[in-house]
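The chain is numbered in sequence order, starting from 1.
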Amino acid sequence: MAIIDAHHHVWDLSGRDQDWITGPDLAPIRRSFSLDDLVPEARAAGVHATVLVQTVTVAEETPEFLAIADGSDLVAGVVGWTDLTAPGIADMLAALRELPGGDRLVGVRHQVQGEPDPAWLLRPDVLRGLAAVASAGLVYDLVVLPHQLPAATEAAARLPELTFVLDHLGKPPIASRELEPWASAVRALAARPNTVCKLSGMVTEAAWSTWTTPDLAPYADTVLDAFGPGRLMFGSDWPVCRLAASYAEVVAAARALTHRLAEDERRAVFETTAGRVYGLPPRGESQ
């Protein structure tokens, strides 16, 4: 089955620090990772297109990612970062579109998980910025913790014209095997028709060295039931996933977690949902 990997990263520590990669636990990924590192693993897994996602809240990163996409036949879309609270956000988004690779800009993301205010997404200046993202024809990736899901649900209700894509299932506590209150909160988000979820990031929310696919199943089943295959998309979260699993192991786990689905439903999870939501070109067509 052809695959779109809807969520991965790259970074070059010689050019910019990733200040979130700290401590001995994250030491295995405290090095540079380039697209050249990803390509053979992705191709071996049957991936024909990817979405490159922001890592830091630095404006210069997005133009760099667009340039990477512009020179790649693998990266079909970029989810970048820009200051949602800036009065000139519409002009900033338009300027990004004019850069080399600007046609690959498909969405915006902010590290909401690091915001101390659980209702940050509901601030008037943030809602104004999110409305500008919608007006630009882009989607908004949500990287939130479970306690921030209610604000995300309310934001989705207030901005029905904007598609919200939940990264990493909203980071459920898989390692502690708890479902609630995450499950109820994610179902409430899924009740908004303008929301989508990525089947990504599970292995690093599980016990890194001992996780099994059955450990992930209750969480994958929850989002499959809540969103349905037509609003669910696969993402590897490479290279962060390497803390707990190889690229091939992440793909294998996702295949196992969706093996009961009909063929067209699996195709939705692994390819067509991401293509539709991010407006990626059909397989075999250049950007």
Side-chain angles (χ1 to χ4, degrees), residues 6-7 51 53-54 57 59 62 77-97 102-172 181-201 222-223 226-228 230-233 235 268 273-280:
H7 197 106
V51 177
V53 180
Q54 69 91 217
T57 54
T62 303
V78 170
V79 174
W81 180 87
T82 193
D83 185 358
L84 287 175
T85 67
I89 182 174
D91 292 337
M92 294 160 65
L93 292 172
L96 287 170
R97 282 261 174 77
D103 59 334
R104 309 282 179 107
L105 185 68
V106 297
V108 172
R109 187 175 88 151
H110 176 73
Q111 302 284 349
V112 178
Q113 64 182 358
E115 295 290 345
D117 179 4
W120 185 86
L121 283 162
L122 301 179
R123 285 173 32 176
D125 54 351
V126 174
L127 289 170
R128 186 168 55 249
L130 291 171
V133 172
S135 295
L138 302 172
V139 306
Y140 184 74
D141 267 38
L142 287 164
V143 55
V144 295
L145 300 174
H147 75 281
Q148 297 166 321
L149 283 168
T153 302
E154 179 61 24
R158 295 192 194 184
L159 294 164
E161 70 277 18
L162 177 61
T163 298
F164 290 80
V165 178
L166 180 65
D167 294 349
H168 313 330
L169 287 69
K171 298 202 164 186
W182 165 81
S184 294
V186 86
R187 287 192 186 101
L189 178 69
R192 307 307 311 178
N194 56 322
T195 62
V196 180
C197 181
K198 287 183 182 177
L199 195 68
S200 64
T222 296
V223 294
F227 290 91
R231 290 195 290 143
L232 201 65
M233 62 177 82
T273 299
R276 183 188 75 250
V277 170
Y278 284 127
L280 306 180

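Counting heavy atoms from C-beta on, the side chains of Thr195 and Thr153 never come closer than 4.5 Å. The shortest distance between side-chain heavy atoms of Asp141 and Tyr278 falls below 4.5 Å. Annotation: side chain of Leu159 is in contact with side chain of Leu127 (closest heavy-atom distance under 4.5 Å). By the 4.5 Å heavy-atom criterion applied to side chains, Val144 and Leu166 are counted as neighbours. Residues Gln111 and Gln54 meet the side-chain proximity criterion, which asks for heavy atoms closer than 4.5 Å. Side-chain contact between Arg123 and Thr85 is present, with heavy atoms from C-beta onward closer than 4.5 Å. Side-chain contact between Val108 and Thr62: absent, with no pair of heavy atoms (C-beta onward) separated by less than 4.5 Å. Using a 4.5 Å cut-off on side-chain heavy atoms (C-beta onward), Leu232 and Val223 make contact.
Within the 3.5 Å criterion, the main-chain N or O of Val112 finds a donor-acceptor partner in the side chain of Gln148. Between the side chain of Thr163 and the backbone N or O of Asn194, no donor-acceptor pair lies under 3.5 Å. In this structure a side-chain-to-backbone donor-acceptor pair under 3.5 Å is missing from Arg192 to Ala155. At distances below 3.5 Å, at least one donor-acceptor pair connects side-chain atoms of Arg276 with backbone N or O atoms of Gly230.
Between the CG atom in Leu280 and the CZ atom in Arg104 there is a gap of 10.0 Å [rounded to 0.5 Å]. Residue Thr222 holds its OG1 atom at 10.5 Å from CZ of Phe227, rounded to the nearest 0.5 Å. Of the inter-residue distances, the one linking Arg128 atom CZ with Leu130 atom CG reads 11.0 Å to the nearest 0.5 angstrom.
Shortest non-hydrogen contact noted between Met92 and Ala86 is SD-CB, 3.7 Å. Of all heavy-atom pairs between Ala226 and Arg231, the closest is O-NH2, 3.8 Å. Nearest heavy atoms, Pro146 versus Ala185: O-CB, 4.5 Å. Closest of all the heavy-atom pairs between Val53 and Ala6 is CG2-O, 4.3 Å. The two residues Leu169 and Cys197 have their closest heavy-atom pair at CA-SG, 3.9 Å. Closest heavy-atom contact between Ser200 and His168: OG-ND1, 2.7 Å.
Shown are Asp83, Leu84, Val79; of these, the side-chain contact (heavy atoms from CB on, under 4.5 Å) with Trp81 is made only by Asp83.
Note on Asp167 versus Arg109: salt bridge recorded, some NZ/NE/NH1/NH2 to OD/OE distance being below 4.0 Å.
The aromatic rings of Tyr140 and Phe164 stand perpendicular to each other, their planes meeting at an angle above 60°, with 30° marking the opposite boundary.
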